[in-house]
Amino acid sequence: MTTSLALSDDQAGAYDAVTDMLRSAGIDLDDALLTPPKSSATSVMAITGKAGSGKSLLLAELYKALEAAGVDIVSGDYESRKRRDKRTLAILAPTNKAASVLRFRGVPATTIHRILYTPVYDPEYERIAEWLAGNGERPEVEGLTEMALDRAYTFYQSNKSIPGALAAAGLRGSDFITGWKRREEPLDIGFIDESSMLDDKQFEDLKEIFPTLLLFGDPAQLAPVNQSGTMVFEKLPAPRVLHLNRIHRQAEGNPILDLAHALSDPEVDFYRFEKMVEEAAARDDRVVWGQRVEVDLMARSPVLVWRNATRIRLINAFRNVHGAPEDALLEGEPLICDGLELPLKHRKKRLDLEARGLIKGAQVIFLGEGRKPGFSRLHVMGAEDPQVSAASIVKIEKPDEEEPFIPFAARMGATFLHGAAVTIHKAQGSQWDTVQVFAPDLYGAARMGRSEAGQPLWKRLAYVAITRAQERLIWVVRNRLAKPTGPLTVDDLRSTPAAPLTLDAPDPEF
């Protein structure tokens, strides 16, 4: 086995086991030899491990080896007609945010939903796509200069995104994509990241598409709702589950991961854990013992809570300190997609919106009202082509009120809840540079004494919440809210650097 970097013993063992599975499927990584699949039976294997154990690194190394062997990578944004006789790999995640984390690391991931449907390209622009994919000559396209084609080519060499390359040439999605169709042909190999979020139905759907499936998941996270605390990979036979034990990022002295892994100690109760957080904050600025919620962060990184009542109070406090009117949204307010309310006759529009990233749980930023009444201009966080205009139904929940307030709405379309705060369950699969965890909620879970799959619920909640932080963790211990240092802005979505966060504003209660 030869890879581009040295793997630990447990990673190397998992790599070899996956190599054997792929060889049985007709893909020999050692000799870069591809043959037709030997069987139509579905083969599933899982690689599990806690945060920092090297799952993402191993996924990336396997992807590089498959690409080097000649396996075609399916990104979900374009599929060549010349691909049908090739071996294929698709790398998927349950959410846009989870997929964008992988793309940031150089892995061409897309969402599970996006792979179910394929875009239909205008024939004129399909010639550009085929050229970029290496399947045709450089085309001459009316209305596009040689310089524009050069920009598309340069972009594609570093990003491997056809829509992104065409956008670099000055085109919009509506110029080159004429519609969406349900996938007609099954694919070949599927890598599924964050597979702890999969429910049984999604798992069965994936097995119909991929004869060879490799799941990557964290058994310490929260199981999907209605899954009885069980994750799909926990139902596989023991030999098909490979566990990574070595914590690679610990060598970097990462205090956030230290805290996450301390939760596995049965002797650590809530009080001891909070003391560990306070001690970590005293010696490392990557952990902050927060006396209040920093409102400036909430527009891009929601506060993570356990209770819905806390979520709703925080959202309304966020809107109040920004002076948001009840009958309108401010530019820059964060929203969470709660699904699509469209009748069956609008199936094409549903496919279009879902393919653009408006799936349940997607995080978006409100950019302003659209040209038509009830339409919103939105930025879908983590999507490859993030700017969307869609008929929207926005619901703002109020404390102690059963019915949400609706500042404006189309008759039908994408439905949204406010996204300044979210439950830890909904945050699973996403990551942000800085994460605020509302500790009083976890204390409430600890006092209730609830368990999930044999583990105290508060520990599972704390583990998931902490591991959403990539660079900085703020452990908020009081129900107070800092005042904003400035108005909401969307400048950072136009590639303008965001204003630095300050931590010394006055503290209103919420």
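Model, not experiment: these values are computed from the prediction.
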Q) Under the side-chain contact (heavy atoms from CB on, under 4.5 Å) criterion, do L297 and V303 qualify, and how do the steps go? A) CA-CA 8 Å; L297 290 171; V303 182; over 6 Å; no
Q: Kindly indicate, with the supporting measurements, whether the criterion side-chain contact (heavy atoms from CB on, under 4.5 Å) is fulfilled by Y443 and F438.
A: CA-CA 9 Å; Y443 174 65; F438 192 70; over 6 Å; no
Q) What do the steps show when you test F416 against L378 for side-chain contact (heavy atoms from CB on, under 4.5 Å), and what is the final call? A) CA-CA 11 Å; F416 297 96; L378 306 166; 3.5 Å; yes
**Q.** side-chain contact (heavy atoms from CB on, under 4.5 Å) between L488 and F318, worked out
**A.** CA-CA 11 Å; L488 290 171; F318 172 87; 3.7 Å; yes
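The structure places CD1 of I406 at 12.5 Å from OG of S392, a figure rounded to the nearest 0.5 Å. Here F216 contributes atom CZ and D193 contributes atom CG; the two are 7.5 Å apart, rounded to the nearest 0.5 Å. A distance of 6.5 Å separates CD1 in I393 from OG1 in T415, rounded to the nearest 0.5 Å. For the atom pair CD1 (I336) and CD1 (I315), the distance works out to 8.5 Å, reported to the nearest 0.5 Å. Atom CD1 in I73 sits 4.5 Å away from atom CG in L89 (nearest 0.5 Å). One finds the NZ atom of K459 at 6.5 Å from the CG atom of L263 (value rounded to the nearest 0.5 Å).
Panel note: side chain H243, backbone D10; no donor-acceptor pair is recorded below 3.5 Å. Judged by distance alone, with hydrogens and angles left aside, the side-chain atoms of S389 form no donor-acceptor pair with the main-chain N or O of G370 at under 3.5 Å. Counting only distance, with no hydrogens or angles, the side chain of R460 and the backbone of Q221 share a donor-acceptor pair below 3.5 Å. Between the side chain of R450 and the backbone N or O of L457 there is no donor-acceptor pair closer than 3.5 Å. With D296 contributing its side chain and T485 its backbone, the two residues share a donor-acceptor pair below 3.5 Å. With hydrogens and angles ignored, the 3.5 Å screen pairs a side-chain donor or acceptor of K55 with a backbone N or O of G49. A donor-acceptor contact shorter than 3.5 Å links the side chain of R103 to the backbone of A109. Using a distance-only test at 3.5 Å, with no hydrogens or angles considered, a donor-acceptor pair links the side chain of Q363 to the main chain of R300. Under a 3.5 Å cut-off, the side chain of H418 and the backbone N or O of A420 do form a donor-acceptor pair. With S195 contributing its side chain and L198 its backbone, the two residues share no donor-acceptor pair below 3.5 Å.
Here D269 pairs with nothing under the salt bridge (Lys or Arg N to Asp or Glu O under 4.0 Å) rule; sequence neighbours left out. Remark: A90 engages V74, L92, I115, L187, F210 in a side-chain contact (heavy atoms from CB on, under 4.5 Å) (not counting sequence neighbours). Remark: S451 pairs with no residue by the side-chain hydrogen bond (donor to acceptor under 3.5 Å, both in side chains) rule, at least two apart or across chains. With sequence neighbours excluded, no residue satisfies side-chain contact (heavy atoms from CB on, under 4.5 Å) with E403. Scanning for side-chain contact (heavy atoms from CB on, under 4.5 Å) contacts around P487 gives an empty result, with sequence neighbours left out. Annotation: side-chain hydrogen bond (donor to acceptor under 3.5 Å, both in side chains) contacts of Y156 (sequence neighbours excluded): none. Partners of E341 under the salt bridge (Lys or Arg N to Asp or Glu O under 4.0 Å) rule, at least two apart in sequence or in another chain, are K395. Every residue meeting the side-chain hydrogen bond (donor to acceptor under 3.5 Å, both in side chains) condition with R319, not counting sequence neighbours, appears here in chain and number order: E333. Applying the side-chain hydrogen bond (donor to acceptor under 3.5 Å, both in side chains) test to D284 and every residue at least two apart in sequence or in another chain returns R286. In this structure, the salt bridge (Lys or Arg N to Asp or Glu O under 4.0 Å) partners of E326, at least two apart in sequence or on a different chain, are K398. Take N308 and apply the side-chain contact (heavy atoms from CB on, under 4.5 Å) test, not counting sequence neighbours, and it matches R311, T423.
Using a 4.0 Å cut-off between charged nitrogen and carboxylate oxygen, E294 and R292 count as a salt-bridge pair. Under the 4.0 Å criterion applied to side-chain N and carboxylate O atoms, K64 and E61 are assigned as salt-bridge partners.
What you find for V477 and E274 is that their closest heavy atoms are CG1-OE2, 4.0 Å. What you find for L62 and L214 is that their closest heavy atoms are CD1-CD2, 3.9 Å. Considering every non-hydrogen atom in both L358 and A390, the closest pair reads CD1-CB, 4.0 Å. Smallest separation of non-hydrogen atoms from A169 and A152: CB-CB, 4.1 Å. Scanning all heavy atoms of the two residues, the minimum distance from E267 to D265 falls at N-OD1, 2.9 Å. Taking each heavy atom of A99 and A93 in turn, the nearest pair found is N-CB, 3.6 Å.
Considering only heavy atoms from C-beta on, N479 stays 4.5 Å or farther from P440 through its side chain. Side-chain contact between V305 and R313 is absent, with no heavy-atom pair separated by less than 4.5 Å. Inter-residue side-chain proximity for L481 and N320 is flagged as unmet; no heavy-atom pair is nearer than 4.5 Å. In this structure, M381 and L493 have side chains that are in contact, with non-hydrogen atoms separated by less than 4.5 Å. Inter-residue side-chain proximity for S264 and Y463 is flagged as unmet; no heavy-atom pair is nearer than 4.5 Å. Under the 4.5 Å side-chain criterion, counting only non-hydrogen atoms from C-beta, I256 is not in contact with V435. The closest side-chain heavy-atom distance from V295 to H322 is below 4.5 Å. Taking 4.5 Å as the limit, some side-chain heavy atom of P334 sits within range of a side-chain heavy atom of I365.
The aromatic rings of F270 and W475 are tilted relative to each other, their planes meeting at an angle between 30° and 60°.
Among residues at least two apart or in separate chains, salt bridge (Lys or Arg N to Asp or Glu O under 4.0 Å) pairs with a member in residues 430-441 are R307-D441.
By the neighbour-count criterion of 12 heavy atoms within 6.0 Å, atom OH of Y153 is sparsely surrounded, having that number or fewer from other residues, nucleotides or ligands.
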